[in-house]
Structures are given as structure tokens and as C-alpha cells.
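Okay, so here's the structure we're looking at.
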Amino acid sequence: MEWAMTELIRHPEIMRKAQEEVRKALNGKRKIEEKDISNLPYLNMIIKETLRARPPGPFLVPRHSLETIKLGGYTVPAGSRVMINAWAIMRDQTCWDEAESFKPERFEGVDMADIRDSFIPFGGGRRICPGINFGMRSMENVLANLLYHFDWKLPGGKKPEEVDVEEAFGLSLIRKNDLVLVATPYKYI
Ligand code: HEM
């Protein structure tokens, strides 16, 4: 959620579009219900793009190879600890156009089955995350509420391009420094 808000504050046009979507869909309703979230395709794309650019588990969960195999010209001996660099795969220029840019639109009309080898924030194969739908719905719910009920700005006249995107080193990909934003309650029509 922190990374999603980071990218939204760095890209005011995307923030504007996302707020317009949720405010139009909710139309003055006070409480967001689960059924409302299905009407927010742009928000869904923002979350996918956040997971692509900032996967919470950049190395997934370590694997242990049972057999010796040859892969991409390398021999991986049986018993090796294999780490999958999902972060690098999801920023690979051969899979992703302008991989370094934050572009939720890239997911428009894309069948997730077609990108299951390159979009892997939830892992893949038989140990893929079983909480995908729960995780996606939870994130959509929180982000929809943040965008619906509040307008957001940076403190002290800070500019969007000045927001730092430094990542902390560790098993999960968190921001190194806290993201500090000013929330203003939204006045419903
Ligand atoms: C944004 C939300 C989430 C992300 C990004 C995420 C990501 C991941 C990743 C990368 C893995 C390792 C998959 C692999 O190595 O191939 C994993 C495994 C797992 N996740 Fe999630 N997850 C999320 C939410 C959830 C939720 C909400 C639940 C449960 C309610 C959950 C339960 C699990 C479990 C049980 C595993 C282990 C599966 C196994 O080893 O068979 N996750 N998740």
C-alpha cells in the first residue's frame, strides 16, 4: 500500500484518474462495499503495476532442487538452494515495455494467463500464493477507501519528483524511509 501511494503521489495524473474512477463509481455513497470494487478496473491495474514494480516478496520463497538440471546453459546440481529473482524478472526490458516506468495501463485487456511467466508477485507453479484473491481484494479495498475519502498532497511544498523511492534491503521490499503525506477529507457532493 505504501508503494502504491508512493507511485500515486509521484504521478498526479494517475492519482487523479484513480480518484475520478472511484468517486464516479461510488457517486456520494458513504461506505465502499465489496461489490463496488469490481467496478474499479483502473484501481486494479494500479495495484498490479505496483506489485510488478515493487513486489513485496522480491525473491519469492526459496526452492530446493531435487534433481540436477541444465537451465539456460547452467547446471543446477541436485540439492541446490534456488532463489527466483522476481524483482528482476518484472523489470526485464525484454518482457516489459518501459519497465522502469509506472504505467498501470500496460495491464489493460491483458489476460493474466498470458503473462504468468513474467508477472510473478505471487510466485508461480505448485507453490503459488493461495491468497492471491484475498490479497488483491484487501489491497483494492484499502486503496479505494484512501482514494475515495481523502485528497492527498506532499507536506511542505515538496514536489512529486522529490519523493524518494529508496528500498530497504531485506526479505520483503519495504520503503527505507517513511512516506509522509497530508490527507484532506473529501467533501461528498
Ligand atoms: C499482496 C498480498 C500477497 C503477496 C504479494 C503474496 C506473495 C506470496 C509469494 C511471493 C509467495 C511465494 C510463492 C512462490 O514462491 O511461488 C506466497 C506464498 C504464500 N502465501 Fe501469499 N501473498 C500475499 C497474500 C497472501 C494472503 C492474503 C494469504 C493468506 C490468506 C497468503 C498465503 C500464502 C501461503 C499459505 C503461501 C505458501 C504457499 C505454499 O508454499 O504452498 N498470501 N505469497
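Note that the numbering runs from 1 along the sequence shown for the chain. Read the numbers this way: they start at 1 and go in the same order the structure lists the ligands and their atoms.
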Can you list the atoms of ligand 1 that are under 4.0 Å from a heavy atom of [X]?
| X | value |
| --- | --- |
| P56 | 5 (C) |
| F134 | 27 (C), 30 (C) |
| P121 | 5 (C), 7 (C), 10 (C) |
| L60 | 10 (C), 15 (O) |

Test item: side-chain donor near acceptor, E34 and N141, under 3.5 Å: no
Please list the nearest protein heavy atom to atom 12 (C) of ligand 1 with its residue and the distance rounded to 0.1 Å. V61 CG2, 3.5 Å
Around atom 21 (Fe) of ligand 1, how many protein N, O or S atoms are there at under 2.8 Å? 1
Listed partners of [X] passing side chain to side chain contact (heavy atoms under 4.5 Å, CB included), at least two apart:
| X | value |
| --- | --- |
| L179 | E2, M5, T6, V163, R175, L181 |
| M1 | M139, V142, L143 |
| S38 | R137 |

Answer with yes or no after comparing the ring centroid distance for Y186 and H149 against a 6.0 Å cut-off, counting only values under it. no
pair F122-L60: side-chain heavy atoms closer than 4.5 Å: no
Ligand 1 N/O within reach of G124 N/O, cut-off under 3.5 Å: yes
Parallel under 30°, tilted from 30 to 60°, perpendicular over 60°: which one fits the rings of W96 and F107? tilted
Considering R127, R63, M139 one by one, which has a heavy atom nearer to atom 41 (O) of ligand 1 than any of the others? R127
Identified side-chain hydrogen bond (donor to acceptor under 3.5 Å, both in side chains) counterpart of Y42 within the set E21, E105, Q19: E105
Nearest heavy-atom neighbours spanning R91 and A99: O-CB, 3.4 Å
